[in-house]
Peer 1: 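Sharing a structure with you now.
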Amino acid sequence: MAQALAPVSFNDSSDITDFVLNKGNGVKGLSEMGLESLPKQYIQPLEERMCGTKIMSHESIPIIDMSKWDDPKVAEAICEAAEKWGFFQIINHGVPIEVLENVKEASHQFFRLPAEENRKYLKEFSPSNNVRFGSSFSPKAEKALEWKDYLSLFYVSEDEASALWPAVCKDQVLEYMKRSEIVIRKLLDVLLKNLNVTEIDETKESLLMGSKRTNINYYPICPNPELTVGVGRHSDVSTLTFLLQDDIGGLYVRGNNDSWIHVPPVSGSIVINVGDALQIMSNGRYKSIEHRVIANGSNNRISVPIFINPRPSDKISPFPEVLASGEKAVYKEVLYSDYVKHFFRKAHDGKKTIDLAKIQLMLSLSFFPFFQVCNLF
Ligand SMILES: COc1cc(/C=C/C(=O)SCCNC(=O)CCNC(=O)[C@H](O)C(C)(C)COP(=O)(O)OP(=O)(O)OC[C@H]2O[C@@H](n3cnc4c(N)ncnc43)[C@H](O)[C@@H]2OP(=O)(O)O)ccc1O
Ligand SMILES: O=C(O)CCC(=O)C(=O)O
Ligand SMILES: [Fe+2]
């Protein structure tokens, strides 16, 4: 049962920000007050709303059955999906359904806690930088806030997680992460073989899956879902993202020609998507595709992504094996923690984060005779 909130009235918009972000009520607190209309901070500009966009209802991202894992057709389907779509769903992946159900239930338990409990994990109060409760994405940088609360758990060790993660969900999240590991290794193995990387040594293991972060996203019922977003357009900064969603739906992936494609909930499935780090390491062969989540007027929604990342101290760049045939590097070397900080310090802005790593074509003006002539005047 949701906690009944004491009546709160807001005099101005800074009261709402304080209630949601500083007091730790989240948008969940706003939603449970039964607001009749969306506070103005959450109203997105027209171009960021879903209405008016082209939705390709007859298209869908691939669904890949992993039960016949050794079948070369499965590997082929995975690589093709990562190249063409950057997104696919997997079924019969080997993570027990019970583990998935338990993590969804534990996520609801966390978001059923009173605000005083959740508040303990706000950046200012959290016992560790590795556990963080928040709302929206980057509130200080955003012109319009997003209708989402989250708990973000950076994995360091079982001991640290046992000591610091919230008691209502730590065991279930740890089990989910442990069981997903084998599937993630299989996927990376296949994707890397296709790039002529036949051995994942210690260095590559760190670059591909040296750190893991699990987020629990909570999208409460919204009074005017058409005016806002759950999560704005972005690509993930991970190597791969392993995403569990519940049965509500609302995740959209960018398709061709400015269109959007829904990722329908499929019972027992996991959504896999390529992140920017793998796009960089594969020199653009695998694509991290823009995606977003709409707000919902009648149901609360939960999703639980595991972001598989390089270590913060790793320097990422295209793998030598990918460039061995003479292919030109499209991306330069970047320190992964710099890359992630750049992502977190701005509002969601589609695929712009990766510009940080792009090698810019320097056209020296003096190279062209025409400009040399102009320079004379
Ligand atoms: C929240 O909504 C989201 C999230 C996402 C996430 C998509 C991903 O792909 S997450 C995978 C990211 N990779 C990693 O976490 C592994 C590497 N980690 C690191 O490099 C570092 O741990 C770090 C994340 C860069 C933090 O380093 P630290 O030195 O501790 O830096 P800070 O100063 O604390 O943070 C910098 C800046 O980022 C903000 N921030 C930090 N962690 C989070 C977090 N978990 N969630 C949200 N924001 C975070 C922090 O507030 C700082 O900003 P300030 O303005 O406060 O200075 C996709 C879509 C979503 O909607
Ligand atoms: O909630 C979802 O389905 C996707 C969330 C997402 O894109 C993210 O957390 O990076
Ligand atoms: Fe995402």
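For clarity, every value in this text was computed on a predicted model and none was experimentally measured. Counting starts at 1 for both ligands and their atoms, following the listed order. Residue numbers count from 1 along this sequence.
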Peer 1: Determine whether the side chains of Lys28 and Ser135 contain a donor N or O and an acceptor N or O closer than 3.5 Å.
Peer 2: no
Peer 1: Salt bridge or not between Arg49 and Glu226? Use side-chain N to carboxylate O under 4.0 Å.
Peer 2: no
Peer 1: May I ask whether His291 places a heavy atom under 4.0 Å from ligand 2?
Peer 2: yes
Peer 1: Hey, which atoms in ligand 1 end up nearer than 4.0 Å to a heavy atom of Asn129?
Peer 2: 30 (O), 34 (O)
Peer 1: Is the terminal nitrogen or CZ of Lys186 (NZ for Lys, CZ for Arg) located under 6.0 angstrom from the six-membered ring centre of Trp69 and within 45° of that ring's axis?
Peer 2: yes
Peer 1: Does Asn217 come within less than 4.0 Å of ligand 2, judged by its heavy atoms?
Peer 2: yes
Peer 1: Minimum distance, heavy atoms only, to atom 29 (O) of ligand 1: which one of Glu146, Lys346, Lys341, His234 is it?
Peer 2: Lys341
Peer 1: Ser152 heavy atoms, cut-off 4.0 Å: which ligand 1 atoms fall inside?
Peer 2: 45 (N)
Peer 1: Do Phe133 and Leu174 sit in the same hydrophobic cluster, where Ile, Leu, Val, Met, Phe, Trp and Tyr count as joined when their side-chain heavy atoms come under 4.5 Å apart?
Peer 2: yes
Peer 1: Looking at atom 51 (O) of ligand 1, what's its closest protein heavy atom, distance included?
Peer 2: Arg132 NH1, 2.8 Å
Peer 1: N/O to N/O below 3.5 Å, does that happen between Tyr219 and ligand 2?
Peer 2: yes
Peer 1: Can you tell me if Arg301 contacts ligand 2 (heavy atom of the residue under 4.0 Å from the ligand)?
Peer 2: yes
Peer 1: Would you kindly say whether Lys351 and Ser288 are connected by a side-chain donor-acceptor distance under 3.5 Å?
Peer 2: yes
Peer 1: Please identify which atoms of ligand 2 are closer than 4.0 Å to at least one heavy atom of Leu243.
Peer 2: 3 (O), 4 (C)
Peer 1: Around atom NZ of Lys315, are there more than 12 heavy atoms from other residues, nucleotides or ligands closer than 6.0 Å?
Peer 2: no
Peer 1: Determine whether the side chains of Ser157 and Asp159 contain a donor N or O and an acceptor N or O closer than 3.5 Å.
Peer 2: no
Peer 1: Any chance you could measure Leu278, atom CG, to Leu240, atom CG, to the nearest 0.5 Å?
Peer 2: 6.0 Å
Peer 1: Does atom 32 (P) of ligand 1 have a protein non-hydrogen atom under 4.0 Å from it?
Peer 2: no
Peer 1: Any side-chain heavy atom of Ile316 within less than 4.5 Å of one from Leu207?
Peer 2: yes
Peer 1: Would Lys148 count as a contact of ligand 2 if the rule is a heavy atom under 4.0 Å away?
Peer 2: no
Peer 1: Closest N/O/S atom of Asp236 to the Fe ion (ligand 3), by atom name?
Peer 2: OD1
Peer 1: Using a strict 4.0 Å cut-off to heavy atoms of Lys148, name the atoms of ligand 1 that fall inside it.
Peer 2: 1 (C), 2 (O), 3 (C), 60 (C), 61 (O)
Peer 1: Please confirm whether Ser238 approaches ligand 1 to less than 4.0 Å, judged on its heavy atoms.
Peer 2: yes
Peer 1: Ligand 2 versus Tyr150, non-hydrogen atoms closer than 4.0 Å: side chain, backbone, both, neither?
Peer 2: neither
